[in-house]
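Just follow the structure's listing: the first ligand is 1, and inside any ligand the first atom is 1. Bear in mind that the values here come from a model prediction, so they are computed numbers and not experimental data. Along the sequence shown, residues carry numbers from 1.
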Amino acid sequence: MPEDQENGGFDVLIVGAGFAGLYALHRLRDQMGLSVRVIERAADVGGVWYWNRYPGARCDIDSYHYCYSFSDELEQSWSWSERFARQPEILRYLEHVADRFALRPDIQFNTAVVGADWDETAREWRVRTDRGERLSARYLVSAVGCLSEANIPDFEGLNEYAGRTWFTGRWPHDGVDFRGQRVGVIGTGATGLQIIPHLARQAAQLYVFQRTPTYAAPLGNYPLDEQANSALKADYPGMRQREWSSFAGVPFDNWQPSALAVPEAEREARYQQAWQKGGFELWLGSYMDILFDETANRTAADFVRRQIRARVNDPDVAETLCPQDYPYGTKRQPLEDGYFETYNRDNVTLVDLRRSPLRRFVASGIRTDDRLYVLDAVVFATGFDAFTGSLFRMDIRGRDGLRLEDAWAEGPRTLLGMATRGFPNLFIVTGPQSPSVLFNMPRSIEHDVDWIADCIGWMGRQGLDRIEPREQAQTEWVRHTDEVAHQTLMPTADSWYLGSNIPGKPRVCLVYLGGGPAFHQHCRDQAAGGYAGFETSARRTTPA
Ligand code: FAD
Ligand code: NAP
């Protein structure tokens, strides 16, 4: 077993080699000259795009927005084949990044971090892996992702089920052949909507077990040819500026303040236009007040319900697919490509778990209140224990042995989503209470990594070796995040944004909803003010 001497003494240990870990390694190692090691559970780079190989997986933010912006050469060296790239293409892109910046030699694959303890005397993190190794570093950077810890609900009888089970977030590399099978799928979030049309085309019979219907909007995908790529490449500098200055990191050029301030015909035309354009245009590019005002929101919700009814032949099935009991856009907007038409196929049955709840698994399949569904395979598209799941799995213990899970028993407490009191020298990329997933994620990641790198650089220049948020500044950030969330309709729906998809998880908004530009300003202010919201010190000033 390698010992501390062999593996210790890193300036920075990074956990995770997805978009965040890869950029953090490049930034800290190549631009700052620090000694860095990345620990990654998977066998290769990619994060979400390594694990989520299910058929239909693709990004929901335009490919040319959903990529790094830190290198002109990288931007110019890569062409996207579709407006919304599929998982294999995004994974190839991240592999290309790893090759181009020679990242793999400093990434330890097939290794999970299972413990991280702050050593106050040495002012270092002591990290344990599932291979029994011990490593140490001055800073620990979590790049474990917001959506990397699977949620497979504790269904009664699941261990008795004799058929095959698959989780979308751990999809086999060589795919799954469902031909001739009776397949059940649980979950109709963004993942479910992507995989269901593919399952329907393969399976002999597909049963979709739906608990909550979704306000899905059309993807609006199209191929990007050489000419389109040349135009995009020429526009990257301007496009990046527009991304940074937009609320969600994806620019829309016709986002108007109020759906209620315009005549109905104009509003309908705008919704139709947004619907045709696809992507998040309806959600984050039509009218701002649909995010805040129930009446405005109802106009969008009614519009979406009308589209669903128009596409599904059976009126009962269409009605079951229409969300009724939560506002539009309060869960992440799923995008679909032929999802609703799937229910017009003879081999697809929608099972309404609201009408007849899922009771238990049995050896032959799933039993609901009113019948038994005999199934050869079940696909779980049941989502993630977002934000905190992967962090808690690392068993992080800070000052005086304080467990992160205990410190956050009533919900995360962070300063800017990137640091938390009691856990010195720990930084979290796109942590809870940052805009993270409600901003274009590669931009969120680049922002946070740059801010963390700048902070570490500043610490070095000041001769400091310990930093953690002040109680008052952290309390103020938690309060502000909560206050902003409650100005929106978001907390009125159950979703992973609120943690309410996981039984027992505190119901608090995990995302900063004030938008990217406001958040970035808070972060700039903190840095410009000498990190006044943080306690910093150098070992020489601390009593032995
Ligand atoms: P991840 O990609 O999740 O990488 C984290 C890595 O950390 C993983 O490889 C994991 O194995 C590793 N890890 C975790 N715990 C440990 C441990 N204890 N030890 C070692 N390694 C560990 N966002 C968008 O903005 N647009 C999109 O279109 C979009 N599509 C998505 C599609 C899917 C299917 C999912 C699940 C998410 C999507 N997201 C999207 C959100 C996505 O989380 C981010 O876009 C982005 O990929 C996150 O990158 P990351 O590096 O922060 O985390
Ligand atoms: P999700 O949005 O949390 O959806 C999980 C689904 O499983 C929901 O329909 C949920 O129903 C259902 N479910 C959970 N537990 C259940 C239970 N016990 N019984 C019955 N149904 C149950 O997860 P996701 O679809 O994986 O998406 C998570 C996030 O990942 C997305 O919001 C998005 O940010 C990202 N993502 C993006 C894309 C993309 O388009 N690029 C694709 C996939 C994922 P309830 O709603 O009733 O809880």
Side-chain angles (χ1 to χ4, degrees), residues 14-24 38-42 44-54 56-63 65-66 84-85 87 90 94 108-116 127 129-130 142-155 167-169 185-195 209-214 219 248-250 280 323 326 331-336 353-354 357-358 380-384 386 389-391 393-395 429-430 436-445 448-449 493-497 500-503:
I14 298 169
V15 193
F19 264 102
L22 293 179
Y23 178 52
V38 179
I39 306 293
E40 168 56 60
R41 177 186 295 150
D44 205 346
V45 299
V48 153
W49 305 103
Y50 174 91
W51 295 110
N52 291 265
R53 295 170 188 246
Y54 60 86
R58 59 170 85 235
C59 55
D60 58 6
I61 287 184
D62 315 53
S63 315
H65 297 309
Y66 190 70
F84 297 100
Q87 172 272 332
I90 304 172
L94 290 169
Q108 185 172 331
F109 293 109
N110 298 306
T111 308
V113 168
V114 293
V127 169
T129 75
D130 62 350
S142 167
V144 295
C146 310
L147 295 161
S148 60
E149 184 67 25
N151 168 38
I152 301 192
D154 191 13
F155 291 110
F167 176 64
T168 49
V185 55
I186 304 178
T188 52
T191 301
L193 266 64
Q194 287 187 330
I195 196 174
F209 293 87
Q210 174 192 274
R211 190 167 63 183
T212 309
T214 27
L219 184 66
V250 187
F280 290 158
Y326 66 97
K331 294 174 182 257
R332 188 182 178 93
Q333 164 80 81
L335 300 180
E336 57 81 30
L353 296 179
R354 290 272 170 88
L358 194 162
F380 294 97
T382 42
F384 301 88
S390 300
L391 284 168
R393 270 261 286 228
M394 286 192 283
D395 191 19
V429 183
T430 64
S436 59
V437 283
L438 274 179
F439 200 67
N440 169 1
M441 270 299 267
R443 288 300 80 68
S444 282
I445 285 166
D448 287 8
V449 168
D494 284 331
S495 76
W496 59 266
Y497 289 149
S500 48
N501 62 328
I502 304 295

Judged by non-hydrogen atoms, does Thr111 sit under 4.0 Å from ligand 1?
yes
From Thr430, Val429, Leu22, residue fulfilling side chain to side chain contact (heavy atoms under 4.5 Å, CB included) relative to Val449:
Val429
What protein heavy atom sits nearest atom 40 (O) of ligand 2, and how far off is it?
Gln194 NE2, 3.1 Å
For atom 4 (O) of ligand 2, grab the closest protein heavy atom and report residue, atom and distance to one decimal in Å.
Gly189 CA, 3.7 Å
Assess the pair Tyr54 and Phe380: is the distance between their ring centroids shorter than 6.0 Å?
no
Nearest protein heavy atom with distance in Å, relative to atom 23 (O) of ligand 2:
Gly383 CA, 3.2 Å
Atom 41 (C) of ligand 1 has as its nearest protein heavy atom Leu147 CD1, 4.0 Å
Quiz item: cation-pi between Arg53 and Tyr50, 6.0 Å / 45°
yes
Within-shell test, Gln210 vs ligand 2, heavy atom, strictly < 4.0 Å:
no
min-distance protein heavy atom vs atom 2 (O) of ligand 1 -> Val48 N, 2.8 Å
Near Arg58, which atoms of ligand 2 are under 4.0 Å from a heavy atom of that residue?
39 (C), 40 (O), 41 (N)
Under a heavy-atom criterion of less than 4.0 Å, does Ala143 contact ligand 1?
yes
Minimum-distance protein heavy atom relative to atom 18 (N) of ligand 1:
Val113 O, 3.1 Å
Check contact between Phe384 and ligand 1, using heavy atoms of the residue and a distance below 4.0 angstrom.
yes
So, is Asn52 polar-close to ligand 1, with some N/O to N/O distance under 3.5 Å?
no
Closest approach of any protein heavy atom to atom 32 (O) of ligand 2, naming residue and atom
Trp496 NE1, 2.9 Å
Give a yes or no on whether Arg393 atom CZ has more than 12 heavy-atom contacts from other residues, nucleotides or ligands under 6.0 Å away.
no
Nearest neighbour in protein (non-hydrogen) for atom 16 (C) of ligand 1:
Arg41 NH2, 3.7 Å
Hey, looking at atom 12 (C) of ligand 2, which of Cys146, Gly187, Pro153 has the closest heavy atom?
Gly187
Side-chain donor or acceptor of Ser444 paired with backbone N/O of Ser436 under 3.5 Å
yes
Enumerate the atoms of ligand 2 whose separation from the nearest heavy atom of Thr188 is less than 4.0 angstrom.
6 (C), 8 (C), 9 (O)
Taking atom 48 (C) of ligand 1 as the reference point, the nearest protein heavy atom with its distance
Met441 CE, 3.9 Å
I'd like to know whether ligand 2 has Phe155 as a neighbour, heavy-atom separation below 4.0 Å.
yes
Side chain, backbone, both or neither: which applies to Ala190 and ligand 1 if a contact is any heavy-atom pair less than 4.0 Å apart?
neither
Could an N or O of ligand 1 be found under 3.5 Å from any N or O of Phe19, whether backbone or side chain?
yes
Evaluate side-chain hydrogen bond (donor to acceptor under 3.5 Å, both in side chains) for Thr129 paired with Thr111, printing each intermediate quantity in order.
CA-CA 6 Å; Thr129 75; Thr111 308; 5.7 Å; no
For ligand 2, which atoms, with element, lie under 4.0 Å from some heavy atom of Tyr54?
42 (C), 43 (C)
Just which atoms of ligand 2 are under 4.0 Å from any heavy atom in Ala381?
5 (C), 6 (C), 7 (O)
Can you tell me which portion of Ala190 lies within the under-4.0 Å heavy-atom range of ligand 2? Options are side chain, backbone, both, or neither.
both
Polar contacts were defined as any N/O atom of the residue lying under 3.5 Å from an N/O atom of the ligand; does this apply to Asp60 and ligand 2?
yes
Contact partition for Ile186 relative to ligand 2, non-hydrogen atoms under 4.0 Å
side chain
Can Glu40 be said to touch ligand 1, with heavy atoms closer than 4.0 Å?
yes
Would you say Tyr66 contacts ligand 2, with heavy atoms under 4.0 Å as the rule?
no
Quick one: look up the protein heavy atom nearest atom 53 (O) of ligand 1 and list residue, atom name and how far away it is.
Gly145 CA, 3.1 Å
Ligand 2 versus Ala57: contacting region, heavy-atom distance under 4.0 Å:
neither
For ligand 2, which atoms have a heavy atom of Thr212 less than 4.0 angstrom away?
45 (P), 46 (O), 47 (O)
Just need the protein heavy atom nearest to atom 16 (C) of ligand 2, so name the residue and atom and give the distance.
Arg211 NH2, 3.5 Å
Heavy atom of Asp60 under 4.0 Å from ligand 1?
yes
Identity and distance of the protein heavy atom lying nearest atom 30 (N) of ligand 1:
Trp49 CZ2, 3.5 Å
Checking side-chain polar atoms at under 3.5 Å, does Thr212 have a donor or acceptor matched by the opposite partner on Arg354?
yes
Can you find a non-hydrogen atom of Ile445 under 4.0 Å from ligand 1?
yes
How far is atom 46 (O) of ligand 2 from the closest protein heavy atom, and which atom is that?
Lys331 NZ, 3.1 Å
Measure from atom 5 (C) of ligand 1 to every heavy atom in Val38, Val144, Asp62 and give the option owning the shortest one.
Val144
Full working for salt bridge (charged side-chain N to carboxylate O under 4.0 Å, His left out) between Asp60 and Arg332
CA-CA 11 Å; Asp60 58 6; Arg332 188 182 178 93; 3.0 Å; yes
Under a 3.5 Å distance rule, please check whether Asp494 uses its side chain to pair with a backbone N or O of Ser500 as donor and acceptor.
no
For atom 24 (C) of ligand 1, closest protein heavy-atom neighbour:
Tyr66 CE1, 3.2 Å
If the cut-off is 4.0 Å to any non-hydrogen atom of Cys59, which atoms of ligand 2 fall inside it?
41 (N)
What are the two closest non-hydrogen atoms of Gly16 and Val38, and how far apart are they?
O-CG1, 3.3 Å
In this structure, atom 43 (C) of ligand 2 is nearest to the protein heavy atom Thr191 OG1, 3.1 Å
Applying a strict 4.0 Å limit to heavy atoms, is Val437 in contact with ligand 2?
no
Atom 33 (C) of ligand 2: which protein heavy atom is closest, and how many Å away?
Arg332 CD, 3.2 Å
With heavy atoms under 4.0 Å as the rule, classify the contact between Leu147 and ligand 2 as side chain, backbone, both or neither.
side chain
